[in-house]
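Notes for the one structure printed next.
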Amino acid sequence: MSEIQLPADFESQMLALLGKQDFENFKAAINRTPRTAIRLNPAKNFSPSWPKNPIPWSKQGFFLEERPSFTLDPAFHAGAYYVQEASSMFIEHILKSLEIPKGVYLDLAAAPGGKSTLLSSYLGNEGLLVANEVIQTRAQILKENAVKWGLGNIAVTNNDPDHFEPLEGFFDLVLVDAPCSGEGMFRKDPQAREEWSLDHVTLCASRQKRIMDKAGALVKGSGYLIYSTCTFNEQENEAMIRFLTEEFAFEPVRISLDSDWKIVETEVETPDGKFFGYRFFPHLVEGEGFFITVLKRPESASSQEPGRIKDFKHSVLKSLGEKEDKTIEAELGLDGSGKYYSLNDSIFRINREFFRHFERISQHLSLRYFGVELGKKQKNDWIPSHEWALSVLPKSGFATFKLDLDQALDFLRKNESILPDLPTGWVLMTYLGLPLGWVKNLGNRLNNYYPKDWRIRM
Ligand code: SAM
């Protein structure tokens, strides 16, 4: 493989940041193949058999010794793990080491959903995550990943950061993994190298300021703001910390580090004190280039509670009454922790504890998905949705059928042949205990309900 050519201005910038020896090490690392890593979905209780090594700052993260074909692994399609480079998984360490209170979180630049799935796992049943993506096609991919992850605690929205203005002081945590100049992706992404220039960095920095000018205000008193980029330069990193402390009241947050991790702490002096950022260099850590900082809103900063919406009104969503909620729970074998909505005849469930927050955000934002879509009721028959199959909610009352690897791949290809001993009616197809989706066996014919757009073509 020929050596990766780096832009000359980028080389000078890195030389100034790292010094001569480290810069040489950095260049050597850029030419090494990145390590493949996955983060397990603890709610799906699955561990692949591939040889793997733990990622030191993430309990659920593992390096793989080789990159397998994820497309040909049914567990990947079942949302049993997410393929994510290791540096990004540091967020797990931030959340756990600071014991950040659970509640209502926002991931403002969320697609494809790597960090959202991590936040979703951290929140479990004790929170609601608004995962937002401004680009419509990317919001669709984000939805797919939220569905596969299956925890039912995510609302996917498709909005510009400006649209969040009515929700100032609403969120316990706001994460902005900002669009950036992508210097940390240079070894993986030739396009990032081609697009890079000093002007492009300046352009990215001003876009980030526009985003953060909105994002900073969304954090409630005592809440946290996490800002990250996959770039090294100071203009998009340290300068952002200065900008945030000029625009808003924030307190510094320092993260505990193990020196073996070789994550580089940077200090930023501001009139409000010394703030901290963390850089991941590919010659020091086994991950891609990354920068992250955490800031805390003072207790006195304004906070907004969702309030009570007496008569919930929405252009397409209808809130169901208590009686209907109970009927659904009885019919579908679900416990009493849900609140239900209908949308185009389909029933959706969210955690009752957060329904006011959910209703409030639905008044201002463009929803693409939320909670778990359970399906439609037609006469006395439930047509269960694929989203429900992939969710961690129980599916009692339905027959299940264990597939081996070849059968599971056939199912994911949307094959419709009837397998020996397959029960009739609705059947949940599983692979190694992981639900993959539904079929309806009509005896002489089988309908495979795996979504057409998701089917594997290999
Ligand atoms: N957090 C994601 C993950 O871990 O999977 C990756 C996010 S990526 C670095 C940045 C995202 O910001 C992209 O999905 C991009 O579409 C979105 N974006 C681009 N311009 C934006 C803007 N002006 N405001 C908000 N988001 C923007």
Side-chain angles (χ1 to χ4, degrees), residues 39 41 58 60 79 82 84-85 87-96 98 100-124 126-136 138-164 167-180 207-208 211-212 214-220 223-230 240 244 290-295 297 350-351 354 357-358 360-362 364-371:
R39 184 168 39 75
N41 183 345
S58 163
Q60 270 110 34
Y82 191 94
Q84 184 175 42
E85 68 80 29
S87 307
S88 299
M89 299 183 201
F90 187 66
I91 292 172
E92 184 187 325
H93 173 69
I94 293 177
L95 297 167
K96 289 183 176 167
L98 295 174
I100 295 190
K102 295 169 187 176
V104 181
Y105 287 12
L106 167 66
D107 183 353
L108 190 58
K115 296 178 188 69
S116 282
T117 53
L118 194 160
L119 294 174
S120 167
S121 289
Y122 180 72
L123 289 172
E126 296 167 63
L128 173 72
L129 170 67
V130 179
N132 178 68
E133 169 57 43
V134 66
I135 298 174
Q136 206 175 349
R138 289 177 62 83
Q140 184 56 30
I141 298 163
L142 177 63
K143 175 200 155 171
E144 282 182 27
N145 282 323
V147 166
K148 283 183 186 160
W149 209 244
L151 266 67
N153 60 4
I154 304 182
V156 175
T157 60
N158 177 208
N159 287 87
D160 188 277
D162 283 351
H163 302 165
F164 282 81
L167 296 170
E168 290 189 354
F170 193 78
F171 296 99
D172 296 287
L173 178 141
V174 175
L175 167 72
V176 185
D177 185 32
C180 69
R207 177 171 55 185
Q208 287 150 1
I211 297 172
M212 297 313 289
K214 302 291 169 207
L218 304 177
V219 186
K220 65 160 67 153
Y224 289 83
L225 177 67
I226 302 182
Y227 171 81
S228 64
T229 68
C230 57
M240 178 52 73
L244 285 167
F290 188 58
F291 176 90
I292 193 156
T293 182
V294 186
L295 300 92
R297 282 288 252 174
I350 61 158
N351 184 342
F354 296 98
H357 294 87
F358 167 71
R360 182 66 201 285
I361 64 143
S362 75
H364 306 290
L365 302 175
S366 179
L367 283 172
R368 287 289 168 271
Y369 185 69
F370 65 95

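Taken from OG in S116 to CH2 in W149, the straight-line distance is 11.5 Å, to the nearest 0.5 Å. Atom NE2 of H357 is separated from atom CG of N351 by 11.5 Å, given to the nearest 0.5 angstrom. Here the CG atom belonging to L367 is positioned 8.5 Å from the CG atom belonging to N159, to the nearest 0.5 angstrom. To the nearest 0.5 angstrom, T229 atom OG1 is 7.0 Å from Q208 atom CD. Rounded to the nearest 0.5 Å, atoms OG (S58) and NZ (K96) are 7.0 Å apart. Expressed to the nearest 0.5 Å, how far CD of Q84 lies from CD1 of I91 amounts to 7.5 Å.
Remark: Q60 pairs with no residue by the side-chain hydrogen bond (donor to acceptor under 3.5 Å, both in side chains) rule, at least two apart or across chains. Residues that satisfy the ring-ring contact (aromatic ring centres under 6.0 Å, His included) test with F290, not counting sequence neighbours, are F280. Contacts of K143 classified as salt bridge (Lys or Arg N to Asp or Glu O under 4.0 Å), with partners at least two apart in sequence or in another chain: E387.
A salt bridge links K115 to D177: one of the charged nitrogens lies within less than 4.0 Å of a carboxylate oxygen.
You'll find the side chain of R297 stays beyond 4.5 Å of the side chain of L225, heavy atoms only. Between F354 and I361, every side-chain heavy-atom pair lies at or beyond the 4.5 Å cut-off. Residues L167 and V130 fail the side-chain proximity criterion, which asks for heavy atoms closer than 4.5 Å. Within the 4.5 Å cutoff, no side-chain heavy atoms of K148 are placed close to those of N41.
What you find for I154 and A131 is that their closest heavy atoms are CG2-CB, 3.8 Å. Taking all atoms of both residues into account, the shortest heavy-atom contact from L151 to S121 is CD2-CA, 3.9 Å. The two atoms that bring E92 and R39 nearest to each other are OE1-CD, 4.4 Å, heavy atoms only. Taking all atoms of both residues into account, the shortest heavy-atom contact from A178 to Y227 is CB-CE1, 3.8 Å. What you find for E133 and A110 is that their closest heavy atoms are OE1-N, 3.9 Å. Contact record, L108 with P161: CD2-CB, 4.1 Å, taken as the closest heavy-atom pair.
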**Report entry** Stepwise side-chain contact (heavy atoms from CB on, under 4.5 Å) test for D107 and L129
**Finding:** CA-CA 7 Å; D107 183 353; L129 170 67; 4.1 Å; yes
Query raised in the report: Given the rule in the side-chain contact (heavy atoms from CB on, under 4.5 Å) test, do H163 and K214 qualify, once you have shown the distances and angles that lead to the verdict?
Result: CA-CA 9 Å; H163 302 165; K214 302 291 169 207; over 6 Å; no
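A side-chain contact (heavy atoms from CB on, under 4.5 Å) with Y224 is found for one member of I94, L98, D172, L95 and no other, namely L98.
For the pair N145 (side chain) and P112 (backbone), a donor-acceptor distance under 3.5 Å is present. In this structure, the side chain of Y82 engages the main chain of G114 through a donor-acceptor pair within 3.5 Å. In terms of modelled atom types and a separation under 3.5 Å, the side chain of R138 and the main chain of A111 share a donor-acceptor contact. In this structure, N153 contributes its side chain and L128 its backbone to no donor-acceptor pair below 3.5 Å. A donor-acceptor pair is defined here as one N or O able to donate and one able to accept, closer than 3.5 Å; no such pair exists between the side chain of N158 and the backbone of S366.
A donor-acceptor pair shorter than 3.5 Å can be found between the side chains of N132 and T157.
Under the 30°/60° scheme for interplanar angles, the aromatic rings of Y122 and Y105 are found to lie parallel.
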